[in-house]
Amino acid sequence: MKHQDILSKMTLEEKAAFLSGKGEWETRDFERLGIPSIFCSDGPHGIRKQAGAGDHLGLNASFPATCFPTAATIANSWDTALGEELGKTLGEEAMAEGVNVLLGPGLNIKRSPLCGRNFEYFSEDPYLAGKMAASYVRGIQSKGVYACPKHFAVNSQELRRMAMNAVVDERTLREIYLTGFEIAVKEGGAKTIMSAYNEVNGTYANENKHLLKEILRDEWGFNGIVITDWGASNDHALGVAAGSNLEMPNPGLDSARELIEAVGSGKISMDDVDARVDELLDAVMTLHANAKNRKEQFDHNAHHAVARKASAESTILLKNEDGILPLKRGAKVAVIGDFAFVPRYQGAGSSLVNPTRVETISEMIKGYDLQVVGMSRGYARNGKEDAATRKEALDLAQRADIVLFFFGLNEDSESEGMDRTHMRIPQNQIELLQELGQANPNLVGIISAGSAIEMPWHHYFKALLHCYLNGQAGAGAALDILTGRVNPSGKLSETIPRRLEDTPVYRYYPSRERTSEYREGPYVGYRYYDTAQIPVLYPFGFGLSYTTFEYSELTASEAGISFTIKNTGTRDGAEVAQVYVALPDGKVFRPAKELKGFAKVFLKAGESQKVVIPFDDKTFRYYNVKTNRWEVEGGTYSIMVGASSADIRLTAQVKKAGTTETLPYEKEQLPAYYTGKIENVGDKEFEALLGRPIPDGKWSGLLTKNDAMCQMYYAKSGLARFAYNRLTAMKKKADESGTPDLNTLFIYNMPFRAMAKMTNGAVSMEMVEGIVNIVNGHFFKGIGTVIGGFFRNSKKNKAYENGLRK
Ligand code: BGC
């Protein structure tokens, strides 16, 4: 053990207490042993260090920090150098605020556009997500702060996120849901990782030996600490045995007692406890030392400038007819849309940043050479009709040469804690844009939305700029692009399908049962659309520029490829070249093409550059479920270089020898997977893919401590059903108000056990058992346990606390 000196002085009580948090954000300190406390904070796109009362839902105020564009936005830059720069900036702010562990980046895969947290995640593609995440991690950690990639793993649904079992076959798990984390760990060198709320194949992520021990620690060589998501610990002892170090946030001493008992009963070994304590000690001591002479300030202006640059580089030009953009000098424009006055620049939930300042279009536009005929909010943010404002907007549209329409998803459309139920923007915005389109043919749309939306109205626009959620400096960045000060270079990190019904998981997502079955296998995003040949509106990897690029001279060898890109237009610009790999005649099913490399190349007008992209261990591999290893199938691979997944410019072939003769699948059993038509996979075929029976996900009988509050719908007790109805009514009211109530959403999706995990010792697991008994109709038995448990818990807590103080 690295810290044997300290370990040997620690009592079991101290070790057990050390492995869970002492408050919303901090670890326990032990003066006697010289162990300091370390501080964790969200979040992925800005520091959310709370000054006063802590909460993990972004409810209480936090110190002002730079609000950078969210991960969904930055991924569109495809620029790992930018990711690293952002990471450094975030690391610097974290250090200035006294934050030791930054709880991000988030890199769950966008399995469905409906996931309420997609705005916090990078991509539908694990390679891109992993590369971007690794770049953040490198940047953050270069400043002495640890990054914490999250949520490990398969956390792609918000509905009952804490009480959900993701049922996924091993190959899909590895290729789609783990590869990004693998890159963040191996290439980024992440020193902490956050275990997800959900179960993965029947075992909670935080106590999943396969994930945490066999894959994360043994295969990937991770030697840092695993931190639970807030309230994600189910059985702390099993977590520790599986390789999880720190239960967060504040389970009081109940979890520590659970550990001591588990050691006593032989459920876990003392060696496991010592190993986890040693790893945590290493993190705590290192982080504390790193922060010794920290700078307590950061340069607000310089960081704002980084946010602006990041936003400009990540904005995507989706459409540009008649060269309407960039706007000519002095162009006569009308500015319409509430978002031009109150920007939608970040998402809701634990990632919510209190920005140092926020730019708005209505203010910033004064700094540009444009003739603004007027500005109008046009529509009401809450979706309500507002005839007067609408008329004002239409009048303006008629007086201008070009209409700039700012619109998108409202705050209540996407948030942590909920999934969307559709992909539409609010109806009042659609109606206004249709009328604007009739009033003025020169309509330019500027979209703010953290995830893919349906755009059946896109033909109304001559140009469309997708800004995603572009952070506090987003307005200036958008204007820079609209006016041509910056040439757009963002490309989509997710597909924009034509309609929700076209998405691969339309029938599977979000699961309403106890289990979420990943029946689509690896066919996520473009992997599906390409293979099943489903037309999309804007393909993965797509984005326009004000200049043009030509690709030539592709050469390929077993080691990698090289090709030339030339800027053939009249403006300087940047191109994101993408490398896709396919094995057309393979015996093992696989998507029509998969991203295996990319490069962002900045070129002056007329300039050309040779681009070299080496292959890596991921280029040809697939996970073979028979040999239980990564293998390469022998054959002639197509290497495609393109400007998007649908715009392949150059192709070459590379021959590879196979690594095994053992084939993982019987083709006849898996027709859907061999064609990519996975929209409606039957039980038998999904079982063949899983290699085991599908677990029964139906609710029946009694509720358990692991069922979410919203399952009280099934409760035997009238009281519990009443509580369920109240909760549902509160949720509905909040939904209708236009602002999601994150507390209600959290409680709605929270399992009973979380009461013991997040109340700083006030509620014990024993009391939770009592509550569950009440819910199941055993009122007297239950209330007895709750009351008795309360006194027993307080007494034990006191005794433990006194012991620790000695
Ligand atoms: C979220 C995490 C976040 C944590 C702390 C949880 O609810 O899932 O992403 O880091 O809260 O705020």
Side-chain angles (χ1 to χ4, degrees), residues 20-21 23-27 38-50 53-63 65 70-72 90 94 99-108 115-122 133 136 140 145-164 181 184 190 192-198 204-206 225-233 246-251 346-354 414-419 450 708-709 740-751 753-754 757-758:
S20 50
E24 190 65 32
W25 306 113
E26 282 162 291
T27 62
I38 54 164
F39 202 99
C40 311
S41 263
D42 290 302
H45 57 266
I47 311 301
R48 187 172 69 92
K49 166 134 192 218
Q50 287 183 318
D55 71 87
H56 63 108
L57 300 172
L59 300 175
N60 294 318
S62 49
F63 287 116
T70 72
L90 283 164
V99 170
N100 309 100
V101 179
L102 206 136
L103 303 173
L107 64 149
N108 292 105
C115 174
R117 261 185 122 166
N118 276 0
F119 69 88
E120 276 189 72
Y121 301 145
F122 289 108
Y136 271 60
I140 292 167
V145 171
Y146 283 177
C148 187
K150 65 189 187 183
H151 311 84
F152 189 65
V154 209
N155 177 357
S156 293
Q157 170 172 333
E158 286 299 282
L159 182 70
R160 287 195 326 280
R161 61 179 171 153
M162 301 173 86
M164 167 61 60
F181 285 99
T192 82
I193 238 174
M194 185 185 288
S195 57
Y197 283 130
N198 50 287
Y204 280 99
N206 186 58
I225 56 167
V226 175
I227 304 176
T228 71
D229 197 346
W230 268 227
S233 168
L246 181 62
E247 173 176 337
M248 287 303 284
N250 46 7
Q346 66 169 329
S350 60
S351 66
L352 191 85
V353 178
N354 177 11
E414 45 185 349
S415 165
E416 177 173 340
M418 64 180 222
D419 296 308
M709 298 284 178
D741 176 351
L742 294 166
N743 249 332
T744 307
L745 281 174
F746 188 79
I747 295 170
Y748 197 77
N749 291 309
M750 175 184 109
R753 69 158 199 280
K757 299 294 187 185
M758 309 185 77

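Whatever order the structure lists them in is the order used to number ligands and atoms, beginning at 1.
Within ligand 1, the atoms closer than 4.0 Å to a non-hydrogen atom of Met194 are 10 (O), numbered from 1 in the order shown. Close approach to Trp25 involves these atoms of ligand 1, each under 4.0 Å from a residue heavy atom: 5 (C), 12 (O). Within ligand 1, the atoms closer than 4.0 Å to a non-hydrogen atom of Glu416 are 1 (C), 6 (C), 7 (O), 8 (O), numbered from 1 in the order shown.
In Arg48, the part holding a heavy atom less than 4.0 Å from any atom of ligand 1 is the side chain. Only the side chain of Arg117 comes within 4.0 Å of ligand 1, counting heavy atoms alone; its backbone N, CA, C and O stay farther away.
Considering CG of Leu352 and CD of Glu416, their distance stands at 10.0 Å, rounded to 0.5 Å. Taken to the nearest 0.5 Å, the CD atom of Gln346 stands 9.0 Å off from the OG1 atom of Thr70. The CE atom of Met194 sits 5.0 Å away from the CG atom of Asp229 when rounded to the nearest 0.5 Å.
Residue contacts with ligand 1: Trp230 is placed with no nitrogen or oxygen under 3.5 Å of a nitrogen or oxygen of the ligand (distance criterion only). Considering backbone and side-chain N/O of Asp42, one or more are found under 3.5 Å from N/O of ligand 1.
When each of Val99, Val101, Asn250, Leu103 is tested with Trp25 by the rule side chain to side chain contact (heavy atoms under 4.5 Å, CB included), just one qualifies, namely Leu103.
Put simply, the side chain of Asn100 never gets that close to the backbone of Val145: no donor and acceptor are under 3.5 Å apart.
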